[in-house]
Amino acid sequence: MTTTPQRPRCRRGPLISAEGLNGVGKTYLTNRAVEALDDKPVMLDEFSQRADGRPGLGEALLGALRQASIGDPFLRGGTPMAEALLLMAIKRHDLDTVLPDLARGRAVVEGRSVDTTAVCQALLLHPDDPDAALRTAMDLLDLAASWRPLPDLTILVTDDPGDALARAQRRDRCVFTDEQAHFMREASDLFERLAATDPVRYRVVDRRHVDEYEAADRIRTWIRDAGRDLECLPEPWQGTAAACLCCHRRAATAAVA
Ligand SMILES: Nc1ncnc2c1ncn2[C@@H]1O[C@H](COP(=O)(O)OP(=O)(O)OP(=O)(O)O)[C@@H](O)[C@H]1O
Ligand SMILES: Cc1cn([C@H]2C[C@H](O)[C@@H](COP(=O)(O)O)O2)c(=O)[nH]c1=O
């Protein structure tokens, strides 16, 4: 009788992202959600929280985007595809910095990930064509997924775009232009349509229908459950035999039970 050798599962932690419009409450709600968790996830800052500058390549790339977009809140410098690739490089850099945590089994929550890049850059490439923007957002996600694994779980926080805008303006003591407010409304629609294409990865919490306590509760449960039954995280650009970025085993020999 032949027996298949039993190997332990990859013990990595889950990679989770929080997505949604500026001011929608991603940071506020995820912070509340994790307060009550015993095993605190690593929280990766949103871009606007990095203003004081951590040293390193990610910060330098973000600085270049900020400089080229001269104060635009959506980092728009006029070359959407070049910007998309830089944004993906930053998000790859973010992942590289937390791989040791994931490998140790800790959960990581990214404030925004490649879905924001897909949504914002697709809208720039197709300003007046929502269907083309959706197709391009999906293509951009595929491209991003060849640079780094997509999150295991993406929490999309939605709300009335006007309410999110008001919160962002209050927090940042600024006034968005009509054009910027219009861009946010389009991003809101596209985020929701993109989430609907992948119900396995996305969980959506709509602040128009649940209060902040219920929203934080749901997010806490999703984060807690995200660590179950995780597969290895192979280096995506190395094909099917790639080694796991966390446990370093190859797919052919990785995990049973
Ligand atoms: N339920 C709430 N009650 C009170 N204040 C809130 C609530 N939700 C969010 N806020 C406040 O609204 C502002 C925007 O929220 P937050 O910073 O969490 O948004 P965000 O989605 O992370 O935005 P951005 O992506 O622009 O950083 C913050 O000042 C936050 O404290
Ligand atoms: C990651 C990413 C961000 N942006 C925009 C969205 C926001 O307006 C700012 C960053 O703010 P936050 O603190 O991270 O909310 O940048 C973008 O346009 N494209 C992206 O990929």
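Just so you know, ligand 1 is whichever comes first in the structure, and atom 1 is the first atom listed for that ligand.
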*Asks:* Ligand 2 versus Thr117, non-hydrogen atoms closer than 4.0 Å: side chain, backbone, both, neither?
*Replies:*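 Near ligand 2, Thr117 shows its backbone as well as its side chain.
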
*Asks:* Any nitrogen or oxygen of Arg112, side chain or backbone, less than 3.5 Å from one on ligand 2?
*Replies:* yes

*Asks:* Within a radius of less than 6.0 Å around CG of Asp129, do more than 12 heavy atoms belonging to other residues, nucleotides or ligands occur?
*Replies:* yes

*Asks:* Looking only at non-hydrogen atoms, find the nearest pair between Val200 and Arg203 and report the distance.
*Replies:*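 For Val200 and Arg203, the tightest heavy-atom pair comes out as O-NH1, 3.2 Å.
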
*Asks:* Side chain or backbone, does Gln49 bring an N or O within less than 3.5 Å of an N or O on ligand 2?
*Replies:* no

*Asks:* Could you tell me which non-hydrogen atom of Ala137 sits nearest to which non-hydrogen atom of Ala122, and how far apart they are?
*Replies:* N-CB, 3.6 Å

*Asks:* Please report which non-hydrogen protein atom sits nearest to atom 2 (C) of ligand 2, along with the residue it belongs to and the distance in Å to one decimal place.
*Replies:* Thr116 CG2, 3.4 Å

*Asks:* In plain terms, say whether Glu235 and Arg92 are close enough for a salt bridge, that is, a side-chain N and a carboxylate O under 4.0 Å apart.
*Replies:*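 Yes, Glu235 and Arg92 are salt-bridged.
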
*Asks:* Is there any N or O on Ser48 that sits under 3.5 Å from an N or O of ligand 2?
*Replies:* yes

*Asks:* Protein N/O near ligand 1 N/O, under 3.5 Å, which pairs?
*Replies:*
residue  : atom   : partner : partner atom : Å
ligand 1 : 1 (N)  : Arg207  : NH2          : 2.8
ligand 1 : 1 (N)  : Glu212  : OE2          : 3.3
ligand 1 : 8 (N)  : Arg207  : NH1          : 3.2
ligand 1 : 8 (N)  : Arg207  : NH2          : 3.4
ligand 1 : 17 (O) : Arg171  : NH1          : 2.8
ligand 1 : 18 (O) : Thr27   : N            : 3.3
ligand 1 : 18 (O) : Tyr28   : N            : 2.8
ligand 1 : 19 (O) : Gly25   : N            : 3.2
ligand 1 : 21 (O) : Val24   : N            : 3.3
ligand 1 : 21 (O) : Gly25   : N            : 2.9
ligand 1 : 21 (O) : Lys26   : N            : 2.8
ligand 1 : 21 (O) : Lys26   : NZ           : 2.8
ligand 1 : 22 (O) : Thr27   : N            : 3.1
ligand 1 : 22 (O) : Thr27   : OG1          : 2.6
ligand 1 : 22 (O) : Glu46   : OE1          : 3.2
ligand 1 : 22 (O) : Glu46   : OE2          : 3.4
ligand 1 : 23 (O) : Gly23   : N            : 2.8
ligand 1 : 23 (O) : Arg171  : NH1          : 3.1
ligand 1 : 25 (O) : Lys26   : NZ           : 2.6
ligand 1 : 25 (O) : Glu46   : OE1          : 3.1
ligand 1 : 25 (O) : Glu46   : OE2          : 3.4
ligand 1 : 25 (O) : Arg112  : NH2          : 3.2
ligand 1 : 26 (O) : Gly23   : N            : 3.2
ligand 1 : 26 (O) : Arg171  : NH1          : 3.3
ligand 1 : 26 (O) : Arg171  : NH2          : 2.8
ligand 1 : 27 (O) : Glu46   : OE1          : 2.4
ligand 1 : 27 (O) : Arg171  : NH1          : 2.9

*Asks:* What atoms of ligand 2 come within less than 4.0 Å of a heavy atom belonging to Asn22?
*Replies:*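 Atoms satisfying the 4.0 Å criterion: 7 (C), 8 (O).
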
*Asks:* Among all protein non-hydrogen atoms, which one is nearest to atom 10 (C) of ligand 2, and what is the separation to 0.1 Å?
*Replies:* Phe47 CB, 3.6 Å

*Asks:* Considering non-hydrogen atoms only, spot the tightest contact between Leu15 and Pro149 and give its length.
*Replies:* CD2-O, 4.2 Å

*Asks:* Looking only at N/O atoms, are Pro73 and ligand 2 under 3.5 Å apart anywhere?
*Replies:* yes

*Asks:* Minimum heavy-atom separation for Leu125 and Met81, please, with both atom names.
*Replies:* CD1-SD, 4.1 Å

*Asks:* Tell me if a side-chain donor or acceptor on Glu83 pairs with a main-chain N or O of Gly77 at a distance below 3.5 Å.
*Replies:*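 Checking the backbone N and O of Gly77 against the side chain of Glu83, a donor-acceptor pair under 3.5 Å is found.
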
*Asks:* Rounded at 0.5 Å granularity, tell me how far CD in Gln121 sits from OG1 in Thr116.
*Replies:* 10.0 Å

*Asks:* Given the ring of Tyr28, does Arg167 sit roughly above its face, with NZ or CZ under 6.0 Å from the centre of the six-membered ring and within 45° of the axis?
*Replies:* no

*Asks:* Taking the inter-plane angle between the rings of Phe183 and Phe74 on a 0 to 90° scale, is it parallel (under 30°), tilted (30 to 60°) or perpendicular (over 60°)?
*Replies:*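 Ring orientation of Phe183 relative to Phe74: tilted.
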
*Asks:* For Glu46, take its heavy atoms, then give the atoms of ligand 2 lying under 4.0 Å from any of them.
*Replies:*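 Near Glu46, meaning under 4.0 Å from one of its heavy atoms, ligand 2 has 12 (P), 13 (O), 14 (O), 15 (O).
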
*Asks:* Examine Gly111 against ligand 2 and note whether any of their N/O atoms are separated by less than 3.5 Å.
*Replies:* no

*Asks:* Provide the number and element of each atom of ligand 2 under 4.0 Å from a heavy atom of Phe74.
*Replies:*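 The atoms of ligand 2 under 4.0 Å from a heavy atom of Phe74 are 8 (O), 18 (O).
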
*Asks:* Would Arg76 and Ser69 count as having a side-chain donor-acceptor pair, cut-off 3.5 Å?
*Replies:* no

*Asks:* Taking all atoms of both residues into account, what is the closest heavy-atom pair of Leu21 and Phe191, and its distance?
*Replies:*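 Distance-wise, the nearest heavy atoms are N-CE1, 4.3 Å.
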
*Asks:* Going by the order shown, which atoms of ligand 2 are within less than 4.0 Å of some heavy atom of Cys120?
*Replies:* 18 (O)

